[in-house]
Amino acid sequence: MQVKNRLRPFFENINFDRKDNELILNFGPQHPSAHGQLRLMLHLQQEQVVKAHPDIGYLHRGMEKMAENMIYNEFMPTTDRMDYIASSSNNYGFALAVEKLIGLEVPRRAKVIRMMLLEINRLISHLFWLATTALDIGAMTVFLYAFREREYLMDLVEDYCGARLTHSAIRIGGVPLDIPDTFLPDLKKFLDKLPQNIKDYEDLLDTNRIWQMRMEEVGVIPTELALSWGCTGPMLRASGVAWDIRKEEPYELYDEVDFDIPVSDKCDNYARYKLYMMEMRESAKILYQVMDMYAETSTELMAHAPQYISAPKLDIMTQNYSLMQHFVLVTQGMRPPVGEVYVATESPKGELGYYINSQGGPYPYRLKLRAPSFWHTGILTDLLPGHYIPDVVSIIGTTNIVFGEVDR
Amino acid sequence: MRRYVPKDDVQKKAYYTDRYWVAPQVPKAKVSSDKVFAEDLKAIKAAFKVFDAYIQVEQMVIYIRPEDNFGVLELMKNKLDYTQLSEMSAVDFLADRGEFDIFYQMLSMKKRKRIRVKCAIKKEEAIESVEKLFRSADWSEREMYDMFGIKVNNHPFFKRILMPDDWEGHPLLKTYPLHGDEFAAWYEVDKIFGKEARDIIGPEIRDDAAVDRYDTKRFARLGHEVPYGADISKGEPAVKTEYQEDDGVFLIERFEKDSSTVITDRDR
């Protein structure tokens, strides 16, 4: 039975209250190409957008509030739910921030494994971006191909940590597990095929007339605007600024590997698309080098810092002091020093930053999540006016926003 | 006696604290130890009052007066090459000292340096918008208002961003409980069905660990577990239910329930 409620009946999508022929189109929050819960109020003159007003908050879970009520290790699985397309990147950003706060040095093997996970996540994210954006534009074939490759990578991550989407594969102070024996051969098999796969996507899209028409000269973000809106990652690099945190403020082993930062000064959708493709090749390059590093590392996976990090499982099971330490760390949580830290890492979407204010307690006093997609959504306000409705879809596609991290 | 719970900070507290334990500090370095930061600080100090400045975890932190925020950021953007405002928000210190700390996280891509500009404002004070310098502050300041209730002057479009427009309270305040307050529990009921439906529907259950063992609608047998093989029919005759099409499905062999064996002995 329909229960009577107070919600006034209204026409879902079209506001008939017209003023000088201006139409207000309500795009989303449930729109297949809104990439999540994005609601866009578009003021239209004919088919042209004159004013855009993104409305967010439909996926707001209050992660910053949750963080204030959780011990540091407890918050790790929650970070998965930010950018759920590349969850290890979020895990890593948080782990690194806490490590910087404590002043921990992570064992080299853990660094190597983290690098592998980060780059695999970047590939997963970029493949997912390519698939969904191509699907938005209408290229179903690319969607299926890109998802096939993404599936192999997810299998690899599953072999490592057992999870496919929300990995929680990184711990504060290192990584929980060593990679299985099959991991490196499988990864190599995948990477050997990847260039051909990327070439296949490019053959389908690069000179495709529809793709070019929807992408070229559409969604032009001038450098000034990109900087002003705090754009990072491919969004900024496609606007002519060569800024990649992996290169400029290297963390882990990024200063030891050789890779390039693709930049474009075209500023449009097509430039962003090309950057994603080139970045996938660079990720593969990094992965090859990191795979070679693995063999020379010793077997430690977690940093030794009894005040903050539990001992290895073997010690916990055999040594009394380790067991006591572990018990205290699990029940009460670690208490990092008093101070604050802002750590930025280059997630597939851009600059993922964690600001942690610790007052010496087991719970962060304040944790601010700086998610790149938040500003990449905000820029739609200035970017969309002047474009036509079909362009709105391709622009949202190339901004690569994920609502888990916009709303947090 | 009931345990005392402070009303000005209802966030989770450590259940065990050692009264002799002194929390260590994240080391702070002098600004003079870094040439680039030292010059930046000199330029800022020449025009504005700086209460304190130090380097912590590779980044400089400076404390300024809240009314100088626009001026300092303008100087940093135009003269010192800090072209990006990566992040800005507030920290609630109302319980400790009746103030909010507002921080602006600045990035210079040319110098590869980050500076955190901080200022403290009292509870009812407002701060000047820096949206004219950095468009990214448009959304950040809205979020700060939404989460803390800090008013921002001269903002072009000042309203809530994450919470609904008609929400009461600001969720990131330390006085706001994790599971929401009275308003939050009744928000949807009041809005959709009206206050008169409160008795019928009840408040929203915001305790994620709540289990209503007599709730037969949602988790039918929760709390009514019975041993394996127990008769749960309560004397009602069994109804023969067939879920497959009578003619079977193409390529799928029909499941014959009667000719199959049900294993009852678990230790078989």
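Numbered from 1 within each chain, the chains take letters A, B, ... in sequence-line order. For clarity, every value in this text was computed on a predicted model and none was experimentally measured. The figures here come from the full heavy-atom set of this structure, side chains too, leaving out hydrogens, waters and symmetry mates.
Checked against the 6.0 Å centroid threshold, Y355(A) and F103(B) count as a close aromatic pair. Taking the six-membered ring wherever Trp is involved, the centroid distance between the rings of Y308(A) and Y72(A) does not fall below 6.0 Å. The aromatic ring centres of F93(B) and F100(B) sit 6.0 Å or more apart.
Here S228(A) is the residue among G360(A), G339(A), G230(A), S228(A) with the most heavy-atom pairs under 4.5 Å with chain B. Top candidate by heavy-atom pairs under 4.5 Å with chain B, chosen from G361(A), P372(A), C231(A), is C231(A). With chain B as partner, the option from K368(A), M70(A), Q359(A) having the largest number of non-hydrogen pairs under 4.5 angstrom is K368(A). Among I161(B), T83(B), L85(B), the residue making the largest number of heavy-atom pairs under 4.5 Å with chain A is I161(B).
Residue K123(B) places its NZ atom among 12 or fewer non-hydrogen atoms of other residues, nucleotides or ligands, all under 6.0 Å distant. Counting heavy-atom neighbours within 6.0 Å of K247(A) NZ, excluding the residue itself, gives a total above 12. Within a 6.0 Å sphere centred on CD of E224(A), other residues, nucleotides and ligands contribute 12 heavy atoms or fewer.
Contact annotation for P336(A): neither backbone nor side-chain heavy atoms come within less than 4.5 Å of a heavy atom of chain B. Both the backbone and the side chain of W229(A) have a heavy atom closer than 4.5 Å to some heavy atom of chain B. Only the backbone of D92(B) comes within contact range of chain A, judged by heavy atoms closer than 4.5 Å. Contact annotation for K118(B): only side-chain heavy atoms (C-beta onward) come within less than 4.5 Å of a heavy atom of chain A. Using a 4.5 Å cut-off between heavy atoms, L236(A) touches chain B through its side chain atoms alone. Neither the backbone nor the side chain of A197(B) comes within less than 4.5 Å of any heavy atom of chain A. Residue E64(A) touches chain B through both its backbone and its side chain, counting heavy-atom pairs closer than 4.5 Å. For I245(A), the part sitting under 4.5 Å from any heavy atom of chain B is the side chain, from C-beta outward, and nothing else. Within the 4.5 angstrom heavy-atom criterion, atoms from both the backbone and the side chain of T331(A) approach chain B. For V91(B), the parts lying under 4.5 angstrom from a heavy atom of chain A are both the backbone and the side chain. For chain A, no part of K28(B) is nearby; none of its heavy atoms comes within less than 4.5 Å. For a residue to count as touching a neighbouring chain, one of its non-hydrogen atoms must lie under 4.5 Å from one of that chain's; by this rule Q105(B) touches chain A with the side chain only. At a 4.5 Å heavy-atom cutoff, A97(A) makes no contact with chain B through either its backbone or its side chain. Y15(B) touches chain A through its side chain: at least one heavy atom from C-beta onward sits under 4.5 Å away, while N, CA, C and O do not. Proximity to chain A (any heavy atom under 4.5 Å) is restricted, for R114(B), to the side chain, taken from C-beta onward. Of the atoms belonging to Y342(A), heavy atoms from both backbone and side chain fall under 4.5 Å from chain B. Both the backbone and the side chain of Q25(B) come within contact range of chain A, each with at least one heavy atom under 4.5 Å from a heavy atom of that chain. Both the backbone and the side chain of D407(A) have a heavy atom closer than 4.5 Å to some heavy atom of chain B. For E351(A), the part lying near chain B is the side chain, with the backbone staying farther off; criterion is any non-hydrogen pair under 4.5 Å. Only the backbone of L133(B) comes within less than 4.5 Å of a heavy atom of chain A; no side-chain atom from C-beta onward does.
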Stepwise salt bridge (charged side-chain N to carboxylate O under 4.0 Å, His left out) check, K111(B) with D40(B): CA-CA 11 Å; K111(B) 301 177 183 170; D40(B) 291 344; 2.6 Å; yes

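Scored by the side chain to side chain donor-acceptor pair (under 3.5 Å) test, D165(B) finds K159(B) as partners (sequence neighbours excluded). For E68(A), the side chain to side chain donor-acceptor pair (under 3.5 Å) partners two or more places apart in sequence, or in a different chain, are K174(B).
Under the 6.0 Å distance and 45° angle rule, R370(A) counts as a cation-pi partner of W375(A). Taking the centre and axis of the six-membered ring of F374(A), the NZ or CZ atom of R408(A) falls inside the cone set by 45° and 6.0 Å.
Relative ring orientation between H53(A) and F157(B) is described as perpendicular, the plane-to-plane angle rising above 60° on a 0-90° scale split at 30° and 60°. Between Y187(B) and F183(B), the angle of the ring planes lies from 30° to 60°, which puts this pair in the tilted group.
In this structure, a donor-acceptor pair under 3.5 Å is absent between the side chains of Y251(A) and E346(A).
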